[in-house]
Amino acid sequence: MIKTRIAPSPTGDPHVGTAYQALYNFVFAKQNHGHFIVRIEDTDRARYNEISQQRILEMLNWLGISPDESPVVGGPNAPYIQTERAVLHQQHAQILLGNGWAYRAFDTSEELTAAREQAKLQGHMEQGYNRRDRGLSREESDARALAGEAFVVRLKVPLEGKTIVNDVLRGEVEFDNTGIDDKVLLKADGLPTYHLAAMVDDRLMGVTHVIRAEEWLSSTPIHVLIYRAFGWDEPKWIHTPLLRNPDKSKLSKRKSNTSVDSYREMGIFPEALLNYLGMMAWSMPDAREVFGVSDMIEHFSWERVSLGGPVFDLDKLTWLNGKYIREVLSLESLTEHAKPFLEQAGFDISNHTYISNVVHILRERFNLLSELPQKVAYFFKDIELEEKAAAKLQEGIEHLRALLPQLEGVTTWDQATLEPIFKGYAETSGAKLGAVMQPLRAAITGRLESPGMFEVLRVLGKNKVLERIKNALG
RNA sequence: GGCCCCAUCGACUAGCGGUUAGGUCACCGCCCUUUCAAGGCGGCGACACGGGUUCGAAUCCCGUUGGGGUCACCA
(Lines give C-alpha, C1' and ligand atoms only; values in the text may rest on other atoms or scores of the structure.)
Protein backbone atom coordinates (compact mmCIF):
# COMPACT_ATOMS: atom_id res chain seq x y z
CA MET A 1 0.00 0.00 0.00
CA ILE A 2 1.13 3.51 -0.82
CA LYS A 3 1.94 5.45 2.31
CA THR A 4 2.92 9.07 2.62
CA ARG A 5 3.51 11.24 5.63
CA ILE A 6 4.18 14.67 6.93
CA ALA A 7 6.45 14.98 9.91
CA PRO A 8 5.95 18.45 11.33
CA SER A 9 8.04 19.71 14.17
CA PRO A 10 5.95 21.33 16.91
CA THR A 11 7.97 24.49 17.34
CA GLY A 12 5.79 27.40 16.29
CA ASP A 13 2.70 28.61 14.48
CA PRO A 14 1.08 26.20 12.03
CA HIS A 15 3.03 26.97 8.86
CA VAL A 16 1.60 27.23 5.35
CA GLY A 17 4.58 25.18 4.21
CA THR A 18 3.30 22.36 6.39
CA ALA A 19 -0.15 22.73 4.86
CA TYR A 20 1.46 22.71 1.43
CA GLN A 21 3.33 19.49 2.13
CA ALA A 22 0.25 17.97 3.70
CA LEU A 23 -1.70 18.70 0.53
CA TYR A 24 0.79 16.90 -1.74
CA ASN A 25 1.10 13.96 0.61
CA PHE A 26 -2.64 13.69 1.11
CA VAL A 27 -3.54 14.00 -2.56
CA PHE A 28 -0.97 11.47 -3.68
CA ALA A 29 -1.94 8.98 -0.99
CA LYS A 30 -5.64 9.31 -1.73
CA GLN A 31 -5.12 9.04 -5.45
CA ASN A 32 -3.48 5.69 -4.83
CA HIS A 33 -5.95 4.53 -2.20
CA GLY A 34 -3.15 4.62 0.33
CA HIS A 35 -2.57 6.09 3.75
CA PHE A 36 -1.59 9.58 4.73
CA ILE A 37 0.26 9.65 8.04
CA VAL A 38 0.96 12.50 10.42
CA ARG A 39 3.88 11.96 12.72
CA ILE A 40 5.01 14.55 15.23
CA GLU A 41 8.76 15.10 15.22
CA ASP A 42 9.39 16.39 18.69
CA THR A 43 12.91 15.20 19.34
CA ASP A 44 14.19 18.73 19.70
CA ARG A 45 13.25 19.17 23.34
CA ALA A 46 14.66 22.66 23.54
CA ARG A 47 12.24 24.02 20.95
CA TYR A 48 9.31 21.75 21.73
CA ASN A 49 5.96 23.42 22.28
CA GLU A 50 2.90 21.43 23.26
CA ILE A 51 0.40 24.04 22.12
CA SER A 52 2.07 24.14 18.74
CA GLN A 53 1.51 20.43 18.35
CA GLN A 54 -2.20 20.78 19.01
CA ARG A 55 -2.46 23.72 16.65
CA ILE A 56 -0.83 21.81 13.81
CA LEU A 57 -3.31 18.98 14.23
CA GLU A 58 -6.14 21.50 14.43
CA MET A 59 -4.93 23.18 11.26
CA LEU A 60 -5.17 19.90 9.37
CA ASN A 61 -8.63 19.42 10.77
CA TRP A 62 -9.66 22.89 9.62
CA LEU A 63 -8.29 22.22 6.16
CA GLY A 64 -10.17 18.97 6.01
CA ILE A 65 -7.04 16.97 5.37
CA SER A 66 -7.63 14.07 7.65
CA PRO A 67 -4.81 11.65 8.29
CA ASP A 68 -5.39 7.91 8.18
CA GLU A 69 -2.83 7.51 10.93
CA SER A 70 -1.86 10.14 13.48
CA PRO A 71 -1.42 10.79 17.19
CA VAL A 72 -5.15 11.48 17.47
CA VAL A 73 -6.64 8.72 15.35
CA GLY A 74 -3.92 6.22 16.09
CA GLY A 75 -3.06 3.48 13.63
CA PRO A 76 -1.25 0.17 13.18
CA ASN A 77 2.15 1.69 13.79
CA ALA A 78 1.53 3.76 16.90
CA PRO A 79 2.88 5.72 18.60
CA TYR A 80 2.95 8.62 16.15
CA ILE A 81 4.86 10.90 18.45
CA GLN A 82 8.53 10.55 17.86
CA THR A 83 9.87 10.84 21.38
CA GLU A 84 7.61 7.97 22.36
CA ARG A 85 9.56 5.86 19.91
CA ALA A 86 12.97 6.65 21.37
CA VAL A 87 13.63 3.07 22.41
CA LEU A 88 13.15 1.98 18.82
CA HIS A 89 15.63 4.57 17.64
CA GLN A 90 18.16 3.57 20.26
CA GLN A 91 17.85 -0.07 19.26
CA HIS A 92 18.44 0.86 15.66
CA ALA A 93 21.46 2.95 16.53
CA GLN A 94 22.73 -0.13 18.30
CA ILE A 95 22.31 -2.18 15.13
CA LEU A 96 24.44 0.27 13.21
CA LEU A 97 27.04 0.31 15.95
CA GLY A 98 27.07 -3.46 15.67
CA ASN A 99 27.38 -3.75 11.92
CA GLY A 100 30.05 -1.10 11.63
CA TRP A 101 27.93 1.59 9.97
CA ALA A 102 28.16 3.86 12.99
CA TYR A 103 30.53 4.77 15.79
CA ARG A 104 30.55 6.56 19.08
CA ALA A 105 32.06 10.03 19.12
CA PHE A 106 33.05 11.48 22.46
CA ASP A 107 33.53 15.09 21.45
CA THR A 108 31.72 17.62 23.56
CA SER A 109 29.57 20.32 21.99
CA GLU A 110 32.13 22.84 23.17
CA GLU A 111 34.92 21.08 21.33
CA LEU A 112 32.89 21.01 18.15
CA THR A 113 31.94 24.65 18.39
CA ALA A 114 35.55 25.57 19.00
CA ALA A 115 36.68 23.55 16.00
CA ARG A 116 34.05 25.20 13.85
CA GLU A 117 35.14 28.66 14.90
CA GLN A 118 38.74 27.75 14.33
CA ALA A 119 37.92 26.75 10.76
CA LYS A 120 36.03 29.95 10.25
CA LEU A 121 39.01 31.92 11.46
CA GLN A 122 41.18 30.22 8.91
CA GLY A 123 39.12 31.74 6.18
CA HIS A 124 36.99 28.95 4.79
CA MET A 125 33.45 28.22 5.92
CA GLU A 126 33.99 24.86 7.57
CA GLN A 127 35.15 21.50 6.45
CA GLY A 128 32.76 19.44 8.47
CA TYR A 129 33.39 17.13 11.37
CA ASN A 130 36.99 16.01 11.78
CA ARG A 131 36.01 12.39 12.48
CA ARG A 132 38.34 12.23 15.45
CA ASP A 133 36.83 9.13 17.02
CA ARG A 134 35.98 7.27 13.84
CA GLY A 135 38.98 5.02 14.24
CA LEU A 136 38.48 4.17 17.90
CA SER A 137 38.71 0.48 18.67
CA ARG A 138 35.55 -1.35 19.68
CA GLU A 139 37.07 -2.10 23.08
CA GLU A 140 38.01 1.47 23.84
CA SER A 141 34.67 2.77 22.64
CA ASP A 142 32.73 0.29 24.76
CA ALA A 143 34.91 0.92 27.77
CA ARG A 144 34.53 4.68 27.66
CA ALA A 145 30.79 4.42 27.15
CA LEU A 146 30.54 2.00 30.03
CA ALA A 147 32.55 4.36 32.20
CA GLY A 148 29.83 6.91 31.70
CA GLU A 149 31.56 9.24 29.28
CA ALA A 150 29.07 11.20 27.18
CA PHE A 151 28.91 10.37 23.50
CA VAL A 152 26.88 10.67 20.35
CA VAL A 153 26.47 8.03 17.68
CA ARG A 154 27.58 9.08 14.23
CA LEU A 155 27.03 7.54 10.81
CA LYS A 156 30.16 6.12 9.24
CA VAL A 157 29.93 7.66 5.78
CA PRO A 158 32.06 5.97 3.11
CA LEU A 159 35.26 7.96 2.54
CA GLU A 160 35.08 7.64 -1.23
CA GLY A 161 32.63 7.01 -4.02
CA LYS A 162 29.35 8.66 -4.77
CA THR A 163 25.87 8.41 -3.39
CA ILE A 164 23.08 8.82 -5.88
CA VAL A 165 19.72 10.16 -4.92
CA ASN A 166 16.98 9.20 -7.29
CA ASP A 167 14.49 12.02 -7.05
CA VAL A 168 11.20 11.47 -8.82
CA LEU A 169 11.05 15.07 -10.00
CA ARG A 170 14.70 15.57 -10.95
CA GLY A 171 16.13 12.19 -11.79
CA GLU A 172 19.52 11.14 -10.49
CA VAL A 173 21.31 13.62 -8.28
CA GLU A 174 24.91 12.74 -7.54
CA PHE A 175 26.76 13.51 -4.34
CA ASP A 176 30.41 12.89 -3.65
CA ASN A 177 30.75 10.95 -0.42
CA THR A 178 33.73 13.10 0.50
CA GLY A 179 31.33 15.98 0.83
CA ILE A 180 29.05 14.21 3.27
CA ASP A 181 29.58 14.53 7.00
CA ASP A 182 29.51 11.75 9.57
CA LYS A 183 26.18 13.00 10.80
CA VAL A 184 25.02 12.54 14.37
CA LEU A 185 22.37 9.85 14.57
CA LEU A 186 21.84 9.69 18.31
CA LYS A 187 22.37 12.74 20.49
CA ALA A 188 24.06 12.76 23.89
CA ASP A 189 20.63 12.92 25.51
CA GLY A 190 19.84 9.56 23.97
CA LEU A 191 17.28 10.97 21.58
CA PRO A 192 17.74 10.52 17.83
CA THR A 193 18.34 13.31 15.37
CA TYR A 194 15.98 13.80 12.46
CA HIS A 195 18.19 11.72 10.18
CA LEU A 196 17.91 8.55 12.22
CA ALA A 197 14.44 9.00 13.63
CA ALA A 198 12.71 9.92 10.40
CA MET A 199 14.28 7.10 8.44
CA VAL A 200 13.62 4.46 11.07
CA ASP A 201 10.06 5.63 11.55
CA ASP A 202 9.37 5.91 7.85
CA ARG A 203 10.61 2.39 7.38
CA LEU A 204 8.73 0.96 10.34
CA MET A 205 5.55 2.74 9.35
CA GLY A 206 5.81 1.47 5.81
CA VAL A 207 6.19 4.87 4.16
CA THR A 208 6.65 4.28 0.44
CA HIS A 209 6.97 7.85 -0.80
CA VAL A 210 8.88 10.51 1.05
CA ILE A 211 7.33 13.73 -0.21
CA ARG A 212 8.96 16.72 1.43
CA ALA A 213 10.33 20.17 0.75
CA GLU A 214 13.36 20.74 -1.45
CA GLU A 215 15.41 21.99 1.46
CA TRP A 216 15.86 18.31 2.33
CA LEU A 217 17.42 17.36 -0.97
CA SER A 218 20.96 18.01 0.13
CA SER A 219 20.65 15.75 3.15
CA THR A 220 18.99 12.96 1.23
CA PRO A 221 22.27 11.16 0.48
CA ILE A 222 22.61 10.72 4.25
CA HIS A 223 19.18 9.18 4.31
CA VAL A 224 20.00 6.92 1.39
CA LEU A 225 23.11 5.81 3.26
CA ILE A 226 21.09 5.11 6.39
CA TYR A 227 18.67 2.94 4.46
CA ARG A 228 21.62 1.16 2.93
CA ALA A 229 23.26 0.71 6.33
CA PHE A 230 20.18 -1.15 7.52
CA GLY A 231 19.94 -3.13 4.32
CA TRP A 232 16.52 -1.70 3.52
CA ASP A 233 15.05 -0.84 0.15
CA GLU A 234 14.75 2.89 -0.37
CA PRO A 235 11.42 4.68 -0.59
CA LYS A 236 10.72 7.01 -3.50
CA TRP A 237 12.20 10.43 -2.88
CA ILE A 238 10.18 13.43 -4.00
CA HIS A 239 11.36 16.94 -3.20
CA THR A 240 8.82 19.63 -3.93
CA PRO A 241 9.85 23.20 -4.67
CA LEU A 242 9.96 25.63 -1.81
CA LEU A 243 7.31 28.30 -1.31
CA ARG A 244 9.02 31.70 -1.54
CA ASN A 245 8.85 35.20 -0.14
CA PRO A 246 8.37 38.00 -2.67
CA ASP A 247 12.17 38.35 -2.77
CA LYS A 248 12.42 34.67 -3.78
CA SER A 249 14.01 33.47 -0.57
CA LYS A 250 12.47 30.55 1.28
CA LEU A 251 9.09 31.53 2.74
CA SER A 252 9.71 32.86 6.21
CA LYS A 253 7.87 34.35 9.13
CA ARG A 254 10.07 37.41 9.00
CA LYS A 255 9.14 38.36 5.46
CA SER A 256 5.71 36.85 4.91
CA ASN A 257 2.59 35.62 6.61
CA THR A 258 3.41 31.99 7.23
CA SER A 259 0.82 31.26 9.88
CA VAL A 260 -2.21 29.40 8.60
CA ASP A 261 -4.11 30.76 11.59
CA SER A 262 -3.51 34.29 10.36
CA TYR A 263 -5.10 33.47 7.02
CA ARG A 264 -7.96 31.89 8.86
CA GLU A 265 -8.42 35.06 10.88
CA MET A 266 -8.41 37.13 7.71
CA GLY A 267 -11.37 35.13 6.55
CA ILE A 268 -9.67 32.93 3.99
CA PHE A 269 -11.63 29.74 3.43
CA PRO A 270 -9.81 26.44 3.86
CA GLU A 271 -11.01 25.39 0.41
CA ALA A 272 -9.51 28.53 -1.09
CA LEU A 273 -6.20 28.15 0.72
CA LEU A 274 -5.92 24.55 -0.42
CA ASN A 275 -6.89 25.53 -3.94
CA TYR A 276 -4.25 28.22 -3.95
CA LEU A 277 -1.56 25.93 -2.59
CA GLY A 278 -2.61 23.43 -5.22
CA MET A 279 -1.68 25.83 -7.96
CA MET A 280 1.70 26.55 -6.49
CA ALA A 281 4.05 24.52 -8.69
CA TRP A 282 1.25 22.27 -9.92
CA SER A 283 -1.40 22.97 -12.54
CA MET A 284 -4.61 21.35 -13.67
CA PRO A 285 -4.32 19.62 -17.07
CA ASP A 286 -7.26 21.66 -18.37
CA ALA A 287 -5.83 24.89 -16.92
CA ARG A 288 -8.72 25.33 -14.51
CA GLU A 289 -7.74 27.57 -11.63
CA VAL A 290 -10.67 27.00 -9.36
CA PHE A 291 -10.59 23.42 -8.19
CA GLY A 292 -11.01 21.39 -5.05
CA VAL A 293 -8.92 18.73 -3.39
CA SER A 294 -11.07 16.01 -4.96
CA ASP A 295 -10.40 17.44 -8.42
CA MET A 296 -6.74 17.44 -7.58
CA ILE A 297 -6.86 13.83 -6.47
CA GLU A 298 -8.49 12.95 -9.75
CA HIS A 299 -5.97 14.72 -11.96
CA PHE A 300 -2.74 14.87 -10.00
CA SER A 301 0.56 13.77 -11.51
CA TRP A 302 4.18 14.51 -10.72
CA GLU A 303 4.85 15.38 -14.37
CA ARG A 304 2.84 18.54 -13.93
CA VAL A 305 4.94 19.84 -11.07
CA SER A 306 7.17 22.71 -12.14
CA LEU A 307 10.45 23.07 -10.33
CA GLY A 308 10.89 26.82 -9.95
CA GLY A 309 10.02 27.93 -6.42
CA PRO A 310 6.67 29.75 -6.48
CA VAL A 311 6.27 33.10 -4.75
CA PHE A 312 3.37 33.12 -2.34
CA ASP A 313 1.13 35.94 -3.53
CA LEU A 314 -1.55 37.20 -1.16
CA ASP A 315 -3.27 39.18 -3.93
CA LYS A 316 -4.04 36.09 -5.91
CA LEU A 317 -5.06 34.14 -2.83
CA THR A 318 -7.42 36.97 -1.96
CA TRP A 319 -8.89 36.98 -5.46
CA LEU A 320 -9.36 33.23 -5.29
CA ASN A 321 -11.05 33.53 -1.92
CA GLY A 322 -13.45 36.05 -3.47
CA LYS A 323 -14.11 33.56 -6.22
CA TYR A 324 -15.14 31.04 -3.58
CA ILE A 325 -17.38 33.60 -1.92
CA ARG A 326 -19.28 34.50 -5.05
CA GLU A 327 -19.16 31.31 -7.11
CA VAL A 328 -18.36 28.23 -5.10
CA LEU A 329 -19.81 28.40 -1.61
CA SER A 330 -23.54 28.11 -1.01
CA LEU A 331 -25.28 31.10 0.53
CA GLU A 332 -26.06 28.97 3.55
CA SER A 333 -22.46 28.01 4.13
CA LEU A 334 -21.25 31.52 3.45
CA THR A 335 -23.73 32.88 5.97
CA GLU A 336 -22.58 30.49 8.66
CA HIS A 337 -18.96 31.43 8.03
CA ALA A 338 -19.79 35.12 8.13
CA LYS A 339 -21.58 35.03 11.47
CA PRO A 340 -18.53 34.76 13.73
CA PHE A 341 -16.94 37.71 11.97
CA LEU A 342 -20.07 39.80 12.39
CA GLU A 343 -20.52 38.74 15.96
CA GLN A 344 -16.96 39.66 16.76
CA ALA A 345 -17.67 43.13 15.41
CA GLY A 346 -20.44 43.42 17.97
CA PHE A 347 -23.39 42.93 15.61
CA ASP A 348 -26.54 41.07 16.52
CA ILE A 349 -26.56 37.83 14.55
CA SER A 350 -29.66 36.25 16.05
CA ASN A 351 -31.80 36.77 12.96
CA HIS A 352 -30.52 34.17 10.53
CA THR A 353 -32.67 35.27 7.61
CA TYR A 354 -31.56 38.85 8.00
CA ILE A 355 -27.88 37.86 8.08
CA SER A 356 -28.40 35.66 5.08
CA ASN A 357 -30.03 38.53 3.17
CA VAL A 358 -27.22 40.89 4.03
CA VAL A 359 -24.58 38.39 2.97
CA HIS A 360 -26.49 37.67 -0.19
CA ILE A 361 -26.46 41.24 -1.46
CA LEU A 362 -22.84 41.81 -0.38
CA ARG A 363 -21.58 38.67 -1.99
CA GLU A 364 -19.90 40.23 -4.99
CA ARG A 365 -18.34 42.98 -2.99
CA PHE A 366 -15.81 41.39 -0.68
CA ASN A 367 -12.97 38.91 -0.87
CA LEU A 368 -12.18 38.30 2.76
CA LEU A 369 -14.63 37.65 5.56
CA SER A 370 -12.70 40.10 7.67
CA GLU A 371 -13.75 42.89 5.29
CA LEU A 372 -17.40 42.17 5.82
CA PRO A 373 -18.20 43.89 9.15
CA GLN A 374 -16.94 47.26 7.96
CA LYS A 375 -18.93 46.93 4.73
CA VAL A 376 -22.23 46.04 6.38
CA ALA A 377 -22.12 48.14 9.54
CA TYR A 378 -25.16 50.22 8.52
CA PHE A 379 -27.30 47.09 8.53
CA PHE A 380 -26.63 46.64 12.22
CA LYS A 381 -26.26 50.04 13.76
CA ASP A 382 -26.95 53.70 13.07
CA ILE A 383 -25.22 55.18 10.10
CA GLU A 384 -22.03 57.14 10.33
CA LEU A 385 -22.35 59.83 7.70
CA GLU A 386 -19.15 60.18 5.76
CA GLU A 387 -18.06 63.64 4.68
CA LYS A 388 -18.53 63.17 0.95
CA ALA A 389 -21.81 61.40 1.55
CA ALA A 390 -23.02 64.33 3.62
CA ALA A 391 -22.29 66.70 0.76
CA LYS A 392 -24.12 64.45 -1.68
CA LEU A 393 -27.04 64.26 0.68
CA GLN A 394 -27.37 68.04 0.84
CA GLU A 395 -27.33 68.27 -2.94
CA GLY A 396 -30.34 66.05 -3.27
CA ILE A 397 -32.14 66.50 -0.02
CA GLU A 398 -35.16 68.04 -1.74
CA HIS A 399 -35.65 64.91 -3.80
CA LEU A 400 -35.87 62.85 -0.66
CA ARG A 401 -38.32 65.28 0.87
CA ALA A 402 -40.48 65.03 -2.21
CA LEU A 403 -40.30 61.25 -2.27
CA LEU A 404 -41.03 60.62 1.38
CA PRO A 405 -44.85 60.73 1.25
CA GLN A 406 -44.93 58.25 -1.62
CA LEU A 407 -42.63 55.87 0.23
CA GLU A 408 -44.76 56.09 3.33
CA GLY A 409 -47.68 54.93 1.25
CA VAL A 410 -45.98 51.83 -0.08
CA THR A 411 -47.52 48.62 1.19
CA THR A 412 -45.47 46.03 -0.64
CA TRP A 413 -41.87 46.88 0.20
CA ASP A 414 -39.93 45.26 -2.62
CA GLN A 415 -37.93 46.22 -5.65
CA ALA A 416 -40.84 45.76 -8.06
CA THR A 417 -42.79 48.41 -6.22
CA LEU A 418 -39.99 50.75 -5.25
CA GLU A 419 -38.08 50.98 -8.50
CA PRO A 420 -40.95 52.53 -10.54
CA ILE A 421 -41.43 55.12 -7.84
CA PHE A 422 -37.87 56.39 -8.11
CA LYS A 423 -37.66 56.10 -11.86
CA GLY A 424 -40.99 57.78 -12.28
CA TYR A 425 -39.96 60.56 -9.98
CA ALA A 426 -36.71 61.10 -11.86
CA GLU A 427 -38.56 61.28 -15.13
CA THR A 428 -41.23 63.72 -14.09
CA SER A 429 -38.92 65.94 -12.08
CA GLY A 430 -36.30 65.90 -14.85
CA ALA A 431 -33.57 64.85 -12.44
CA LYS A 432 -31.03 62.21 -13.33
CA LEU A 433 -31.60 58.96 -11.54
CA GLY A 434 -28.17 59.16 -9.99
CA ALA A 435 -28.96 62.58 -8.56
CA VAL A 436 -31.77 60.95 -6.64
CA MET A 437 -30.18 57.63 -5.76
CA GLN A 438 -26.88 58.91 -4.44
CA PRO A 439 -28.44 61.23 -1.87
CA LEU A 440 -30.72 58.38 -0.90
CA ARG A 441 -27.70 56.08 -0.55
CA ALA A 442 -26.03 58.66 1.65
CA ALA A 443 -29.09 58.96 3.85
CA ILE A 444 -29.57 55.22 4.19
CA THR A 445 -25.99 53.94 4.42
CA GLY A 446 -23.99 57.01 5.32
CA ARG A 447 -21.71 56.41 2.38
CA LEU A 448 -21.51 56.58 -1.39
CA GLU A 449 -20.89 52.90 -2.08
CA SER A 450 -23.19 50.00 -1.35
CA PRO A 451 -25.01 47.17 -3.05
CA GLY A 452 -27.87 48.13 -5.36
CA MET A 453 -30.12 50.60 -3.53
CA PHE A 454 -33.31 48.67 -4.03
CA GLU A 455 -31.73 45.59 -2.48
CA VAL A 456 -30.52 47.62 0.45
CA LEU A 457 -33.96 49.15 0.92
CA ARG A 458 -35.65 45.78 0.83
CA VAL A 459 -33.28 44.13 3.27
CA LEU A 460 -33.29 47.05 5.67
CA GLY A 461 -37.08 47.21 5.69
CA LYS A 462 -39.56 50.03 5.41
CA ASN A 463 -39.39 51.24 8.98
CA LYS A 464 -35.64 51.63 9.13
CA VAL A 465 -35.53 53.26 5.72
CA LEU A 466 -38.19 55.83 6.51
CA GLU A 467 -36.59 56.50 9.84
CA ARG A 468 -33.24 57.21 8.21
CA ILE A 469 -34.75 59.43 5.56
CA LYS A 470 -36.57 61.45 8.19
CA ASN A 471 -33.38 61.68 10.15
CA ALA A 472 -31.61 63.03 7.11
CA LEU A 473 -34.31 65.57 6.50
CA GLY A 474 -33.74 66.79 10.03
C1' G B 1 32.88 29.83 -0.03
C1' G B 2 32.04 24.01 -1.04
C1' C B 3 28.10 20.90 -2.60
C1' C B 4 23.22 20.56 -4.73
C1' C B 5 18.68 22.38 -7.19
C1' C B 6 16.39 25.80 -10.44
C1' A B 7 15.63 29.51 -14.77
C1' U B 8 8.83 31.71 -19.91
C1' C B 9 5.36 38.44 -18.75
C1' G B 10 5.98 42.15 -11.98
C1' A B 11 3.49 37.24 -9.69
C1' C B 12 1.25 31.99 -10.65
C1' U B 13 1.69 29.15 -14.91
C1' A B 14 0.65 26.51 -20.26
C1' G B 15 4.23 24.83 -23.67
C1' C B 16 7.37 18.97 -23.74
C1' G B 17 11.41 20.51 -32.04
C1' G B 18 7.62 23.84 -36.37
C1' U B 19 2.42 28.36 -31.90
C1' U B 20 1.13 35.64 -34.28
C1' A B 21 4.57 32.03 -27.20
C1' G B 22 -1.71 30.79 -24.47
C1' G B 23 -4.37 31.56 -19.64
C1' U B 24 -4.87 33.66 -14.48
C1' C B 25 -3.58 37.63 -10.60
C1' A B 26 -1.96 42.67 -10.42
C1' C B 27 -1.99 47.24 -13.38
C1' C B 28 -4.38 50.47 -17.39
C1' G B 29 -8.63 51.57 -20.76
C1' C B 30 -13.64 50.72 -22.57
C1' C B 31 -18.60 48.56 -21.92
C1' C B 32 -22.54 47.55 -18.42
C1' U B 33 -24.50 50.80 -14.45
C1' U B 34 -28.25 54.43 -9.13
C1' U B 35 -22.66 54.05 -6.40
C1' C B 36 -19.01 50.38 -5.34
C1' A B 37 -18.15 45.86 -6.91
C1' A B 38 -18.91 41.65 -9.94
C1' G B 39 -19.01 40.54 -15.09
C1' G B 40 -17.71 41.34 -20.44
C1' C B 41 -14.17 43.32 -24.03
C1' G B 42 -9.34 45.23 -24.97
C1' G B 43 -4.27 46.84 -23.60
C1' C B 44 0.56 46.54 -21.16
C1' G B 45 3.97 42.62 -20.42
C1' A B 46 8.21 37.02 -20.81
C1' C B 47 11.33 32.52 -23.39
C1' A B 48 18.46 35.48 -18.74
C1' C B 49 22.94 35.34 -22.04
C1' G B 50 26.49 32.74 -25.28
C1' G B 51 27.76 28.54 -27.88
C1' G B 52 26.35 24.06 -30.09
C1' U B 53 22.73 19.80 -32.19
C1' U B 54 18.96 20.28 -36.09
C1' C B 55 16.08 21.98 -42.26
C1' G B 56 13.98 24.21 -37.76
C1' A B 57 14.75 25.61 -31.11
C1' A B 58 11.27 28.54 -25.31
C1' U B 59 11.58 23.23 -25.91
C1' C B 60 17.70 18.86 -26.54
C1' C B 61 23.31 19.41 -24.95
C1' C B 62 27.41 22.51 -22.89
C1' G B 63 29.09 26.97 -20.66
C1' U B 64 28.20 31.76 -18.38
C1' U B 65 25.16 34.69 -15.48
C1' G B 66 21.35 34.98 -12.03
C1' G B 67 18.20 33.09 -8.11
C1' G B 68 17.50 29.48 -4.31
C1' G B 69 18.65 25.56 -0.82
C1' U B 70 22.15 23.33 2.35
C1' C B 71 26.57 22.83 5.08
C1' A B 72 24.03 21.92 13.93
C1' C B 73 24.13 16.83 19.42
C1' C B 74 17.33 21.93 14.61
C1' A B 75 14.01 19.81 11.95
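All of these numbers come straight from a predicted model, not from anything done at the bench. Values below: every heavy atom of this structure, side chains too, minus hydrogens, waters and symmetry copies. Below, chain A is the first sequence line, B the second, and so on; all start at residue 1.
- Among the atoms of the strands shown, none is found under 4.0 Å from any heavy atom of A/Glu303.
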Footprint string (nucleotides 8-13 of chain B, 5' to 3'): B base within contact, S backbone only, - free, heavy atoms under 4.0 Å: ---SBS

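- Centroid-to-centroid, the aromatic rings of A/Phe291 and A/Tyr276 stay 6.0 Å apart or farther.
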Heavy-atom protein contacts under 4.0 Å, nucleotides 30-38 of chain B, coded B base, S sugar-phosphate only, - none: ----BBBBS

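- A/Lys392 NZ: 12 or fewer foreign heavy atoms inside a 6.0 Å radius.
- Salt-bridge formation is detected for the pair A/Arg134/A/Asp182: a Lys NZ or Arg NE/NH1/NH2 atom is positioned less than 4.0 Å from an Asp or Glu carboxylate oxygen.
- Counted within 6.0 Å of CD on A/Glu327, heavy atoms from surrounding residues, nucleotides or ligands total more than 12; the atom is thus considered enclosed.
- Taken from CG in A/Leu403 to CG in A/Leu440, the straight-line distance is 7.5 Å, to the nearest 0.5 Å.
- Stacking of A/Arg144 on the aromatic ring of A/Phe106 is recorded, both the 6.0 Å distance cut-off and the 45° axial limit being met.
- Here A/Tyr425 pairs with A/His399 under the ring-ring contact (aromatic ring centres under 6.0 Å, His included) rule; sequence neighbours left out.
- Across all strands shown, B/rC41 pairs with B/rG29; the Watson-Crick or G-U wobble distances both stay below 3.5 Å.
- B/rC47 sits 7 Å from B/rC9 when the P atoms are compared, rounded to a whole Å.
- The side-chain tip of A/Arg104 points at the ring of A/Phe151 from less than 6.0 angstrom away and within 45° of straight on.
- In this structure, A/Asp176 reaches neither bases nor backbone, as no heavy-atom distance under 4.0 Å exists between it and the strands shown.
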For residues 448-459 of chain A, dump all side-chain donor-acceptor pairs below 3.5 Å to protein atoms at least two apart in sequence or in another chain.
residue: A/Ser450; atom: OG; partner: A/Arg441; partner atom: NE; Å: 2.8

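- Using a 4.0 Å cutoff on non-hydrogen atoms, no part of residues 85-97 of chain A comes near RNA chain B.
- A/Arg363 comes within 4.0 angstrom of nothing in the nucleic acid, heavy atoms only.
- Aromatic pair A/Tyr324/A/His337: centroids not less than 6.0 angstrom apart.
- For the pair A/Arg45 and A/Tyr48, the cation-pi criterion (under 6.0 Å, within 45° of the ring axis) is fulfilled.
- Annotation: proximity of residues 162-170 of chain A to RNA chain B (heavy atom, distance under 4.0 Å) is found for A/Arg170, numbered in ascending order.
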